[in-house]
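Inspection log for the structure reproduced underneath, given as structure tokens.
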Amino acid sequence: MIRVRMKVAYDGTAYHGWQVQKNGNSIEAELNKHLSALLQEEIRVIGASRTDAGVHALCNIAVFDTHTRMPAEKISYALNQRLPDDIRIQESCQTAPDFHPRKCSSIKTYEYRIWRGEFPMPVVRLYSHFIYTSLDLGKMREAASYLEGEHDFKSFCSADSQAESTVRTVYRIELDEQGSMLIIRISGNGFLYHMVRIIAGTLTECGKGRYTPGHVRDILEAKDRQLAGPTMPARGLTLTGYEFV
């Protein structure tokens, strides 16, 4: 028996998130199905990040145990021949038998993309959220600074979250302009349910002038989800970095 670690990239548009669902297909279900067929044994993967429906990833991590004699580094090539075009394994390797991607220290990086313009741009519609109003990036950056560090992010967590603790550490938040595309890049030691999308929605409200930057600090301290901004649509969110530390 060996444990195999894979780096998984996917376009989440057609899926009900990472985790197996009763009401629709998921990334996890596709991996389980095609790995089981490939290796001729029942496979159940464990994912590092349980991304929501419609969220994308460049580098989610998954592990599974197998009795196969196929070299672990060759599994990515064989599995990619079976997977749908919107899921691809970027690499596979053997890892320690006790390695668990959700039980080790890591730095996750997400990007939320916003297309700004008078009209939407069709070629980016599946991977960004469209906003036609202007945004004050100076105010957004100032507001973001209040969220860096270790805080109780209860105000930025979906009300139906089942997390035991809402304390997380955000290492940095960057706003990167690439033409009409605004990228909100957030790195942290972990994120609560909808946390990145709520932060993006709150910063956007600041950019529109509906909140002052200092109000974000008040929202954080209030620990009240109703005070924070909207949960931005899933399509704009991509898991872009996963580093084990």
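Along the sequence shown, residues are numbered consecutively beginning with 1. Keep in mind that what you see is a predicted model, and the values were worked out from it rather than measured.
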L239/L58 under side-chain contact (heavy atoms from CB on, under 4.5 Å): CA gap, chis, key distance, verdict: CA-CA 6 Å; L239 174 63; L58 303 182; over 6 Å; no
Sidechain-backbone polar pair: E28 side chain, V20 backbone, donor-acceptor under 3.5 Å: yes
Side-chain donor/acceptor of R3 to backbone N/O of F99, under 3.5 Å: yes
Aromatic plane relationship, F130 with Y132 - under 30° parallel, 30 to 60° tilted, over 60° perpendicular: tilted
Steps toward side-chain contact (heavy atoms from CB on, under 4.5 Å) verdict (M6, S92): CA-CA 4 Å; M6 304 187 301; S92 59; 4.1 Å; yes
Where V8 and A62 come nearest, the two heavy atoms and their spacing: CG2-CB, 4.2 Å
More than 12 heavy atoms from other groups under 6.0 Å of CD on Q178: yes
Aromatic centroids of Y242 and F244 separated by under 6.0 Å: yes
Test side chain to side chain donor-acceptor pair (under 3.5 Å) applied to T204 and Y211, step by step: CA-CA 9 Å; T204 299; Y211 298 159; over 6 Å; no
Expected output: side-chain D11 to main-chain D86 donor-acceptor under 3.5 Å: no
Aromatic contact, Y10 with H56 (centres under 6.0 Å): no
Test side chain to side chain contact (heavy atoms under 4.5 Å, CB included) applied to F64 and L31, I75, I46, the passing residue: I75
Y110 side chain to T51 side chain, donor-acceptor N/O pair below 3.5 angstrom: no
Nearest atoms (heavy-atom pairs only) where C59 meets K7: CA-CG, 3.7 Å
Non-neighbouring partners of E73 that pass side chain to side chain contact (heavy atoms under 4.5 Å, CB included), sequence neighbours left out: P71
Steps toward side-chain contact (heavy atoms from CB on, under 4.5 Å) verdict (M181, I114): CA-CA 6 Å; M181 189 70 77; I114 298 172; 5.8 Å; no
ILVMFWY cluster, I183 and L237 together (side-chain gap under 4.5 Å): no
Same apolar cluster (I L V M F W Y, side chains within < 4.5 Å links), M140/F153: yes
Salt-bridge criterion met for D224 and K154 (N-O under 4.0 Å): no
Polar side-chain atom of D136 near backbone of G209 as donor-acceptor pair, under 3.5 Å: no
T231 and R225: CA distance, side-chain angles, deciding distance, side chain to side chain donor-acceptor pair (under 3.5 Å) verdict: CA-CA 10 Å; T231 303; R225 170 64 188 99; 3.1 Å; yes
Under 3.5 Å side-chain donor-acceptor pair for Q90 and S76: no
In one Ile/Leu/Val/Met/Phe/Trp/Tyr side-chain cluster, 4.5 Å: I107, F191: no
Salt-bridge present (K139, E142; N to O < 4.0 Å): no
Side chain to side chain contact (heavy atoms under 4.5 Å, CB included) partners for D98, two or more places apart: A96
pair V45-W18: side-chain heavy atoms closer than 4.5 Å: yes
Worked check of side chain to side chain donor-acceptor pair (under 3.5 Å) between S106 and E243: CA-CA 5 Å; S106 64; E243 178 184 356; over 6 Å; no
Side chain T238, main chain T240, donor-acceptor under 3.5 Å: no
Y171 backbone acceptor or donor facing S187 side chain under 3.5 Å: no
CZ/R210: more than 12 non-hydrogen atoms of other groups inside 6.0 Å: no
Salt-bridge contact K223-E221 (side-chain N to carboxylate O under 4.0 Å): no
Pair I186-I199, side-chain contact (heavy atoms from CB on, under 4.5 Å): steps then yes or no: CA-CA 9 Å; I186 305 178; I199 288 176; 3.7 Å; yes
Exam field: side chain R197 to backbone Y193, donor-acceptor pair closer than 3.5 Å: no
Qualifying residue for side chain to side chain contact (heavy atoms under 4.5 Å, CB included) with L135, from L203, L175, L182: L182
Under 3.5 Å donor-acceptor, S128 side chain and R125 backbone: no
